[in-house]
Amino acid sequence: MFAKVKSSVFIDALQFQLNAPKGNCLRGVLKDDTGNICRTIERDIATDKEELTWGGLNDLPYGKYTLELSHGDDEMRMNLVKRV
């Protein structure tokens with residue numbers, strides 16, 4: 001695992017701890033429970049260990065989401081919940 005989400009429940013932002021080689025691009029896709037893409041993010045990794053905050057999620061409706069992260073050939077998927 002190259003990323004760890006601090007909490008699987010979010011309100012307006014997601015916080016990650018990244019543990020990945022620097023210089024590569026992190027790509028994230030946030031999908032709702034029907035599989036529709038709600039947000040995407042792409043960031044270059046500056047250090048081997050980095051903390052990242054993905055903000056601007058407060059206008060998404062409450063419910064279940066799936067976060068798909070990819071970093072080079074590594075991919076991971078996490079279930080999240082947006083709540084009040």
| request: Report the C-alpha distance between K6 and E51 in whole Å, list the side-chain angles of each, state the deciding distance to 0.1 Å, and finish with yes or no for side-chain contact (heavy atoms from CB on, under 4.5 Å). | output: CA-CA 10 Å; K6 288 194 175 185; E51 291 204 9; 3.2 Å; yes

| query | Going only through I, L, V, M, F, W and Y residues with side-chain contacts under 4.5 Å, is there a path from L18 to V5? | reply | yes

| query | With the 4.5 Å side-chain cut-off for hydrophobic clustering, are L14 and V29 part of the same group? | reply | no

| message | Using 0.5 Å steps for rounding, measure from the CG atom of D12 to the CG atom of D59. | response | 10.5 Å

Compile the donor-acceptor pairs under 3.5 Å between side chains in residues 73-84 and protein atoms, sequence neighbours left out, one pair per line.
residue, atom, partner, partner atom, Å
R77, NH2, E68, OE2, 3.1
K82, NZ, I11, O, 3.3
K82, NZ, L57, O, 3.4
K82, NZ, N58, O, 3.0
K82, NZ, L60, O, 2.8

| Distance, nearest 0.5 Å, that separates NZ of K64 from CG of D33 | 7.5 Å

| field | Pairwise distance CG(D44) to CG(L26) - rounded to 0.5 angstrom | value | 9.5 Å

| Say you draw a straight line from CG of L67 to NZ of K31; how long is it, rounded to the nearest 0.5 Å? | 10.5 Å

| field | Distance in Å, W54 CH2 paired with Q15 CD, rounded so as to fall on 0.5 Å steps | value | 14.0 Å

| query | For F10, which residues count as a ring pair (Phe, Tyr, Trp, His ring centres under 6.0 Å) partner, sequence neighbours excluded? | reply | Y65

| remark: All heavy atoms of G55 vs all of A13, minimum pair found to be CA-CB, 3.9 Å

| E50 CD to Q17 CD distance, which is reported to the nearest 0.5 Å | 11.5 Å

